[in-house]
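Only one structure is covered here, and it is reproduced in the block below.
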2 protein chains.
Amino acid sequence: MPARGDHDARRRDVSQAVWEVLAAHGFGGLTLRAVAAHMGASTGLLTHYFPSKKALVRHALEVAQEHTQGRDRFPAEGEGLPGLRAALLDVMPLTPEAVAMSRVWVSFWDAALGDDELAAAELRRYERWRGMLRPHVEAALRLGQLPADADPEDVVATAAGFGHGLVVQALFDPARFPPRRQAALVDGFVALLGR
Amino acid sequence: MPARGDHDARRRDVSQAVWEVLAAHGFGGLTLRAVAAHMGASTGLLTHYFPSKKALVRHALEVAQEHTQGRDRFPAEGEGLPGLRAALLDVMPLTPEAVAMSRVWVSFWDAALGDDELAAAELRRYERWRGMLRPHVEAALRLGQLPADADPEDVVATAAGFGHGLVVQALFDPARFPPRRQAALVDGFVALLGR
DNA sequence: GAAGATACATAACAAACGTTTGGTACGCGA
DNA sequence: TCGCGTACCAAACGTTTGTTATGTATCTTC
């Protein structure tokens with residue numbers, strides 16, 4: 001077994017394993033031994049790359065965040081509401097990978113509720129997500145796709161709420177919320193906004 | 001300090017303590033010792049009333065559920081959409097107790113993601129909640145408050161998603177989502193449904 | 001090819017966990 | 001008043017946790 005590998009790449013491998021254990025068993029099932037076993041290694045490997053479990057989790061979530069943002073997104077077939085539609089579809093658990101990702105973030109809410117630092121991170125994450133929706137809402141307003149008196153910030157918050165709420169429902173009841181229906185509900189919601 | 005107390009009442013006391021620890025620290029911070037300390041007792045007391053931690057949690061969630069349902073609800077000032085509005089306001093974290101309750105349920109999602117039995121319970125809970133929204137949606141349809149071609153089941157799922165999504169946002173960002181704004185967003189959403 | 005840093009595995013550590021055990025204090029029927 | 005069952009505490013059990021210590025290959029550099 002080698003030395004001189006790519007240190008950062010290995011850290012990313014470990015984060016990936018953290019991610020997968022998290023998706024499979026939630027924060028309650030996230031132990032160093034579980035992560036190590038999942039990647040066929042020992043806990044010594046983990047401690048070699050991360051000083052503590054908390055540091056490991058923090059890095060894994062950062063990596064996850066980049067992965068979330070750099071995703072092959074649904075192409076927005078237009079400005080305004082179509083863009084909002086695409087942004088919402090981006091967060092839906094439509095594929096197995098997206099399901100895993102959603103599971104991790106929902107799981108993360110529990111950990112964040114009990115830890116101030118993680119709660120602050122979750123707050124920022126929410127702001128960033130609303131920030132991604134906002135341009136589309138503002139464009140829609142400019143294009144007259146929304147009632148002229150609509151408050152953009154309220155529309156953003158409403159859309160963000162609808163999106164995450166639908167994610168949770170789909171996560172717990174995939175039979176009732178298959179990808180096709182998730183997409184249909186998103187379409188219906190966006191149509192609702194546009195009068 | 002023994003004897004002939006009301007056994008069931010004591011079990012409810014314990015469940016209440018579980019509830020409070022859960023609201024404060026999430027599932028990750030729920031330990032028998034924490035619960036015992038919270039009620040100034042020993043872990044022996046807990047095991048005296050419950051055979052295992054899992055049984056304890058199960059009972060606590062059942063009690064919580066009854067408490068959720070038997071809540072002093074917002075009076076529905078009308079049939080159809082006003083009723084839907086009231087039902088949505090009922091789940092919003094508008095008061096400290098409602099905040100605690102919402103924290104517990106969000107926290108519960110993590111535990112449910114890693115445990116099949118809890119996941120099934122969460123699925124049922126969701127069905128029950130949609131079941132509470134459905135009559136209002138159907139009444140709204142009957143009263144012509146919704147477009148005649150609207151699918152009631154889709155409207156229910158959309159409203160349920162919006163509701164829970166807003167709960168999560170409000171939980172993590174109470175400054176941005178004070179009670180007044182939560183209510184305003186619910187009003188805006190219901191108005192959206194009614195054209 | 002010797003020296004030293006790197007990359008792990010293995011094993012031990014104290015702490016915390018859920019659970020079990022043993023004991024004591026009290027209420028109640030006899 | 002005796003005896004028994006309930007209610008509970010205190011302590012200990014074995015396991016699992018995150019962390020630390022030690023050991024051993026492998027690579028890099030000279």
Side-chain angles (χ1 to χ4, degrees), chain A residues 1-22 24-61 107-108 110-112 114-118, chain B residues 1-22 24-61 107-108 110-112 114-118:
Chain A
M1 254 345 182
R4 275 304 91 88
D6 187 336
H7 193 88
D8 284 352
R10 211 82 177 91
R11 277 170 65 97
R12 230 171 299 124
D13 291 346
V14 174
S15 294
Q16 172 70 16
V18 170
W19 176 265
E20 284 163 8
V21 171
L22 223 37
H25 304 108
F27 255 88
L30 181 70
T31 67
L32 297 191
R33 282 165 179 83
V35 174
H38 185 75
M39 57 191 295
S42 70
T43 66
L45 184 149
L46 304 182
T47 64
H48 180 66
Y49 287 98
F50 296 94
S52 72
K53 181 183 182 182
K54 214 172 178 184
L56 206 180
V57 171
R58 185 161 37 224
H59 187 259
L61 292 175
S107 199
F108 179 55
D110 174 39
D115 181 311
D116 289 345
E117 182 186 333
L118 294 182
Chain B
M1 193 44 80
R4 280 303 87 85
D6 187 335
H7 193 88
D8 285 352
R10 211 83 178 91
R11 276 169 66 97
R12 230 172 298 124
D13 290 347
V14 173
S15 294
Q16 171 70 16
V18 170
W19 176 265
E20 284 162 8
V21 170
L22 223 37
H25 304 107
F27 254 88
L30 182 69
T31 67
L32 297 191
R33 284 165 176 82
V35 174
H38 185 76
M39 57 190 295
S42 71
T43 67
L45 183 149
L46 304 183
T47 63
H48 180 65
Y49 288 97
F50 296 95
S52 70
K53 180 183 182 181
K54 212 168 179 187
L56 205 180
V57 170
R58 186 163 35 226
H59 187 259
L61 291 175
S107 200
F108 179 56
D110 173 39
D115 181 311
D116 288 344
E117 182 186 334
L118 295 183

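Labels below follow one simple rule: chain letters A, B, ... track the order of the sequence lines, proteins then strands, and each chain is numbered from 1.
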Q. If you check every side-chain atom of Tyr49(B), which of dA11(D), dA7(D), dC17(C) has the closest atom?
A. dA7(D)

Q.
With a cut-off of less than 4.0 Å, is there a side-chain N or O of His48(A) near OP1 or OP2 of dA9(C)?
A. no

Q. Rounded to the nearest 0.5 Å, how far does CG of Leu22(B) lie from CG of Leu61(B)?
A. 7.0 Å

**Q.** Sugar-phosphate only, base, or nothing, as touched by Thr47(A) at under 4.0 Å among non-hydrogen atoms
**A.** base

Q. For Leu46(A), which contact category applies under a 4.0 Å heavy-atom criterion: base, sugar-phosphate, or nothing?
A. nothing

Q: Give the rounded distance in Å between these two atoms: CG of Asp13(A) and P of dA7(C).
A: 13 Å

Q. Looking at dC17(C), dT19(D), dT19(C), which one has an atom nearest to any side-chain atom of Leu32(B)?
A. dT19(C)

Q) Between Arg10(B) and dC8(D), does any side-chain N or O lie under 4.0 Å from OP1 or OP2? A) yes

Q) So, Ser107(A) side chain and Phe27(A) main chain: donor-acceptor pair closer than 3.5 Å or not? A) yes

Q: Nearest whole angstrom, please: distance from the C1' of dT19(D) to the CG of Leu45(A).
A: 15 Å

Q.
I need the CG-P distance between Asp8(B) and dT6(D), as an integer number of Å.
A. 15 Å

Q. Measuring from Arg11(A):CZ to His7(A):NE2, what's the distance to the nearest 0.5 Å?
A. 5.5 Å

**Q.** Student check: side-chain heavy atoms of Arg10(B) and His48(B) closer than 4.5 Å
**A.** no

Q. Between atom CZ in Arg33(B) and atom P in dA12(D), what is the gap in whole Å?
A. 13 Å

Q.
Once you apply a heavy-atom cut-off of 4.0 Å, does Leu30(B) come out as touching a base, just sugar-phosphate, or nothing?
A. sugar-phosphate

Q. Looking only at heavy atoms, which two atoms of Asp110(A) and Gly28(B) are closest? And how far apart?
A. OD2-N, 3.8 Å

Q. Touch check for Thr43(B), heavy atoms < 4.0 angstrom, all strands: base, sugar-phosphate only, or nothing?
A. base

Q) Which nucleotide in the set dA11(C), dA7(D), dA9(C) lies at the smallest distance from any side-chain heavy atom of Ser42(A)? A) dA9(C)

Q: Give the rounded distance in Å between these two atoms: CZ of Arg11(B) and P of dA7(D).
A: 12 Å

